[in-house]
Chemist: 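What follows is a structure written as structure tokens; I'll ask about it next.
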Amino acid sequence: MTTLLAIETSCDDTCAAVVREDHIVSNVISSQASFHESFGGVVPEVASRHHIRLINGVVAVALDRAGETLDDLDAIAVTRSPGLIGALLVGFATAKSLAAAKRLPLIPVDHLQGHVAANFLHPDPLDPPFCCLIASGGHTLLAGVEDHAGYEVLGSTLDDAAGEAFDKAARLLGLGYPGGPAIQEEAESGDPGAFDLPVSRPDSSRLDFSFSGLKTALSYLVRDLGPEETQRQRADLAASFQRAAVDQLVDRLSVATADGRWRAVALGGGVAANAELRIRTSELCAERGLELKLVPIELCTDNAAMIAAAARSVEPIPYPEYLALDASAEKVR
Ligand code: KG4
Ligand code: ZN
């Protein structure tokens with residue numbers, strides 16, 4: 001039995017988890033959203049400073065809830081890349097220090113592989129092959145997952161990430177941060193057909209995404225309507241924006257699953273919490289006879305349990321070899 005402590009600090013959530021053989025024993029997520037709200041988005045330096053303040057406490061709570069100590073661990077897993085470098089460094093330095101103090105191996109993990117691996121966790125693991133849409137504040141990609149160790153990028157965003165588009169749209173409409181949940185709530189009382197916003201389809205051989213045209217179209221609309229009309233029609237604007245964003249995501253999933261290569265579909269990343277996306281994806285899967293895996297929302301957004309799940313397919317680095325290793329803002333190939 002392998003027991004891992006995992007640490008994730010790639011963006012604005014300070015996370016630690018204890019996972020035994022893909023079973024979550026504890027999963028602690030300390031959200032910084034309230035600190036970034038007044039800025040309308042994540043401020044990297046603010047995120048780093050909060051990670052420093054929170055990380056030791058979050059790790060202690062994760063171990064405590066699991067009823068474990070550092071002496072009970074077999075290895076420490078940590079997000080190495082990609083992400084905000086200052087934020088990543090806090091988690092990476094913490095993991096290296098704890099591992100070195102106990103002479104434990106360190107397992108560096110790719111954050112996006114973590115989102116894919118959230119699907120491998122018990123009690124309801126999904127085995128490859130499957131097609132996974134990962135849509136978060138920093139990334140939007142379609143991953144073809146053939147095994148537990150990696151994925152093929154079938155398409156990714158050419159500009160903004162889907163979550164980033166939701167956050168920017170929320171700011172344009174005077175809604176709070178994070179924008180996704182705020183747009184979703186506002187859209188509940190709106191008409192998604194009220195405004196015709198563009199659903200882009202980038203001209204490429206891959207299944208790429210583009211959200212900058214949608215964001216620009218909404219900003220022109222808001223400018224033309226003026227502040228009072230924007231307020232009055234805010235629910236319709238939110239619903240129309242959400243419809244266009246979800247249309248694009250579901251369209252790519254539809255194309256990706258048209259050739260029968262995949263028997264199952266999974267969603268990951270913060271945008272996977274979106275109710276309209278979940279409903280529309282389940283309709284698509286029902287139509288195509290595909291299995292649909294929707295992980296619980298706390299495993300869609302950033303968390304450390306998914307990092308432990310991804311770590312199971314990565315070769316642990318023995319002490320002291322990892323002491324010279326560093327985190328990286330860019331994906332490590
Ligand atoms: O995966 P995540 O927690 O962190 C990143 O790695 O970015 O994703 C956060 C993103 C934010 O942009 C947020 O607005 C979006 O996920 N999000 C949503 C919803 N809940 C969170 N977007 C649409 N609908 C939601 N219900
Ligand atoms: Zn993420």
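The first residue of the sequence shown is numbered 1, and numbering continues consecutively from there. Remember, predicted model here, so these are calculated numbers, not experimental data. One-based numbering, in listed order, for ligands and for the atoms of each. These numbers come from the heavy atoms of this one structure, side chains and all, not from hydrogens, waters or symmetry mates.
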Chemist: Please indicate whether any nitrogen or oxygen in G270 is less than 3.5 Å from any nitrogen or oxygen in ligand 1.
Modeler: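 Yes, there is a polar N/O contact under 3.5 Å.
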
Chemist: What atoms of ligand 1 come within less than 4.0 Å of a heavy atom belonging to S136?
Modeler: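 What qualifies from ligand 1 is 1 (O), 5 (C), 6 (O), 7 (O), 8 (O).
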
Chemist: Sort by chain and number the protein N/O/S atoms found under 2.8 Å from the Zn ion (ligand 2).
Modeler: H111 NE2, H115 NE2, D302 OD1

Chemist: Quick one: does N274 get an N or O within less than 3.5 Å of an N or O on ligand 1?
Modeler: yes

Chemist: When the ring planes of F120 and H148 are compared, do they come out parallel, tilted or perpendicular, using 30° and 60° as the limits?
Modeler: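 The rings of F120 and H148 sit tilted, inter-plane angle from 30° to 60°.
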
Chemist: If you have a sec, work out which protein heavy atom is nearest atom 26 (N) of ligand 1 and how many Å separate them, to one decimal?
Modeler: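 The closest one turns out to be Q184 OE1, 2.9 Å.
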
Chemist: Give me the residue, atom name and distance of the protein heavy atom closest to atom 14 (O) of ligand 1.
Modeler: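 Closest protein heavy atom to atom 14 (O) of ligand 1: D167 OD1, 2.7 Å.
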
Chemist: Quick one: do E228 and R232 satisfy salt bridge (Lys or Arg N to Asp or Glu O under 4.0 Å)? Show the steps, please.
Modeler: CA-CA 6 Å; E228 263 173 40; R232 212 181 56 75; over 6 Å; no

Chemist: Just wondering, do S156 and H139 contact through their side chains at under 4.5 Å, heavy atoms?
Modeler: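 A side-chain contact under 4.5 Å is absent here.
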
Chemist: Heavy-atom contacts with G163 under 4.0 Å: which atoms of ligand 1 show up? List them by number with element.
Modeler: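 Result: 12 (O).
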
Chemist: Do F166 and F211 have ring centroids that are under 6.0 Å from one another?
Modeler: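 Here the rings of F166 and F211 have centres that are no less than 6.0 Å from each other.
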
Chemist: Select one of side chain, backbone, both or neither to describe which atoms of C11 lie under 4.0 Å from any atom of ligand 1, heavy atoms only.
Modeler: neither

Chemist: Are R252 and D208 within salt-bridge range, i.e. N to O under 4.0 Å?
Modeler: no

Chemist: Of the protein's non-hydrogen atoms, which lies at the shortest distance from atom 22 (N) of ligand 1, and what is that distance?
Modeler: G180 CA, 3.2 Å

Chemist: Any idea which atoms of ligand 1 are less than 4.0 Å away from a heavy-atom of G138?
Modeler: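 Result: 7 (O).
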
Chemist: Which residue supplies the protein heavy atom nearest to atom 4 (O) of ligand 1, what is that atom called, and how far is it?
Modeler: D302 OD2, 3.3 Å

Chemist: Could you tell me which non-hydrogen atom of N119 sits nearest to which non-hydrogen atom of C132, and how far apart they are?
Modeler: ND2-SG, 3.9 Å

Chemist: To which protein heavy atom is atom 9 (C) of ligand 1 closest, and what is the distance rounded to 0.1 Å?
Modeler: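 Result for atom 9 (C) of ligand 1: G137 N, 3.8 Å.
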
Chemist: Compute the shortest N/O to N/O distance between A275 and ligand 1 and return yes if it is under 3.5 Å, no if not.
Modeler: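 Such a contact does not occur with ligand 1.
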
Chemist: For P82 and L88, which heavy atoms make the closest approach, and how far apart are they?
Modeler: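 Residues P82 and L88, closest heavy atoms: C-CD1, 4.0 Å.
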
Chemist: I'd like to know if K215 and E164 make a salt bridge, using a cut-off of under 4.0 Å between side-chain N and carboxylate O.
Modeler: no

Chemist: To the nearest 0.5 Å, how far apart are CZ in R206 and CG in L141?
Modeler: 9.0 Å

Chemist: Salt bridge or not between E229 and R234? Use side-chain N to carboxylate O under 4.0 Å.
Modeler: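 R234 and E229: not salt-bridged.
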
Chemist: Please check if any side-chain donor atom of H50 sits under 3.5 Å from a side-chain acceptor atom of R53, or the reverse.
Modeler: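 Yes.
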
Chemist: Starting at CD1 of I134, measure out to NE2 of H111 and round the result to the nearest 0.5 Å.
Modeler: 8.5 Å

Chemist: Using a strict cut-off of 4.0 Å, indicate which atoms of ligand 1 neighbour a heavy atom of A273.
Modeler: 20 (N), 26 (N)

